[in-house]
Structure formats: structure tokens, C-alpha cells
K.L.:
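Sharing a structure, written as C-alpha cells. Questions coming.
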Amino acid sequence: MKSKKIPFILLCLTVILMSDCSRDKTPCACGIENPQTNIEWLKYLLSKTFCVEVYTVSYNNEEYIGIRDCPRIVDGMTVIYDCSGNKVCEFGGLSLGSGCTLPDFWNYFEMNKRLIYVQDIKP
């Protein structure tokens, strides 16, 4: 009886692990694989820049996408968007950004962000 349960349990675990894109090596954000090509608003923003890093983070049960200028850019910005492409927060830059209405989001983002894409195109 026990030997019949083991293959079933292994099958269930395999299905669970395969369906969770956060464990997969394929970049995933907002439930979409390869968000840099499959989320239209993100694809559009990336088409207008040369060097950025794209992160995802979950905060209060909502997922957000952060687009950060590459580290070598001195006055770089980090802009946070919800999954619909609405700007939620803005940090950095010469003007220090417009801040954020989400309480303590910046510290949370910095500690919990997950890099999903790097774009470094030589102009």
C-alpha cells in the first residue's frame, strides 16, 4: 500500500514545483513568463532605454515590478509599477524622485526584490 502512495506523492510535488514560476529559471512577474517580452507596457518601457535592471517583489499580497537604472548611472532612478503598468513609487535621481505612498516600501523592496531581467545595450 505504501509503495503505491510514493509515486503519487512524487507526481504531485513535481506538478506543484513546475507550476510555480518563482522557482523556475524562466523570468516571471505578475504571473507571466518572460515579462520583458510578454507584458506590453514593460516591453514598451524597455524599448526606450539602454541599461536597466528589472525586479519583482510582493508587498502586502500584491506583486510589483521595479525598473532600476543600471548601477553605473550616477543619478539613476528606481520606478515601481503595479502589474497593470501604473507607476506606484519613484526613488532616486537628481530630484530624489517623488517618493512613495506605500509605507516603508523602499526598505522592503531593497531587502526582498528578485532580479528577473537585465538589459545592457550598447548604443
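In what follows, every heavy atom counts, from backbone to side chain, and hydrogens, waters and symmetry copies are set aside.
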K.L.:
Could you name each residue pair satisfying side-chain hydrogen bond (donor to acceptor under 3.5 Å, both in side chains) that touches residues 37-46, not counting sequence neighbours?
P.N.:
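Sorted result for residues 37-46: Tyr44-Lys48.
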K.L.:
Holding to side-chain hydrogen bond (donor to acceptor under 3.5 Å, both in side chains), I want the full list of residues that pass it with Asp82, two or more places apart in sequence or in another chain.
P.N.:
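For Asp82 the side-chain hydrogen bond (donor to acceptor under 3.5 Å, both in side chains) partners, ignoring immediate neighbours, are Asn86.
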K.L.:
What residues form a ring-ring contact (aromatic ring centres under 6.0 Å, His included) with Tyr108, not counting sequence neighbours?
P.N.:
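Partners of Tyr108 by the ring-ring contact (aromatic ring centres under 6.0 Å, His included) criterion, ordered by chain and then number, come out as Tyr59.
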K.L.:
Sequence neighbours left out, what pairs pass salt bridge (charged side-chain N to carboxylate O under 4.0 Å, His left out) with at least one residue falling in residues 100-110?
P.N.:
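Residue pairs passing salt bridge (charged side-chain N to carboxylate O under 4.0 Å, His left out), neighbours aside: Arg68-Glu110, Glu110-Lys113.
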K.L.:
Side-chain donor-acceptor pair under 3.5 Å between Thr49 and Gln119, yes or no?
P.N.:
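The criterion, which ignores hydrogens and geometry beyond distance, is not satisfied for Gln119 and Thr49.
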K.L.:
Evaluate the side-chain proximity of Trp106 to Thr78: yes if any heavy-atom separation is below 4.5 Å, no if none is.
P.N.:
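Yes. Closest side-chain heavy atoms under 4.5 Å.
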K.L.:
Tell me, do Ile80 and Phe91 make a side-chain contact under 4.5 Å, heavy atoms counted?
P.N.:
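In contact.
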K.L.:
What are the two closest heavy atoms between Ile65 and Cys30, and how far apart are they?
P.N.:
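Shortest heavy-atom separation between Ile65 and Cys30 comes out as CD1-SG, 3.8 Å.
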K.L.:
Considering the options Leu45, Ile67, Ile121, Asp120, which one meets the side-chain contact (heavy atoms from CB on, under 4.5 Å) requirement together with Val52?
P.N.:
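Only one option passes, and that is Ile67.
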K.L.:
Pair Leu46, Tyr117 - check side chain to side chain contact (heavy atoms under 4.5 Å, CB included), show working.
P.N.:
CA-CA 11 Å; Leu46 292 174; Tyr117 178 72; 3.8 Å; yes
K.L.:
Does a side-chain heavy-atom distance below 4.5 Å link Val54 with Pro35?
P.N.:
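Sidechains of Pro35 and Val54: no contact.
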K.L.:
Sequence neighbours excluded, which residues qualify as ring-ring contact (aromatic ring centres under 6.0 Å, His included) partners of Tyr64?
P.N.:
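Scan of Tyr64 (ring-ring contact (aromatic ring centres under 6.0 Å, His included), adjacent residues dropped) gives Phe105.
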K.L.:
Kindly give the heavy-atom pair with the smallest separation between Cys100 and Val88, and that separation in Å.
P.N.:
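Heavy atoms only, the tightest pair is SG-O, 4.2 Å.
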K.L.:
Taking side-chain hydrogen bond (donor to acceptor under 3.5 Å, both in side chains) as the definition, give me every residue that meets it alongside Glu53, ordered by chain and number, with sequence neighbours left out.
P.N.:
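In terms of side-chain hydrogen bond (donor to acceptor under 3.5 Å, both in side chains), with neighbours along the sequence ignored, Glu53 is linked to Tyr55.
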K.L.:
Do you know which two heavy atoms are closest between Pro27 and Gln36, and how far apart they sit?
P.N.:
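Closest heavy-atom pair between Pro27 and Gln36: CB-OE1, 4.2 Å.
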K.L.:
Nearest heavy-atom pair of Cys28 and Ile116: which atoms, and what distance?
P.N.:
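In this case the closest contact between Cys28 and Ile116 is O-CG2, 3.8 Å.
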K.L.:
Which residue pairs satisfy the disulfide bond (SG atoms under 2.5 Å apart) criterion with at least one member in residues 32-66, sequence neighbours excluded?
P.N.:
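Of all non-adjacent pairs touching residues 32-66, those that pass disulfide bond (SG atoms under 2.5 Å apart) are Cys51-Cys70.
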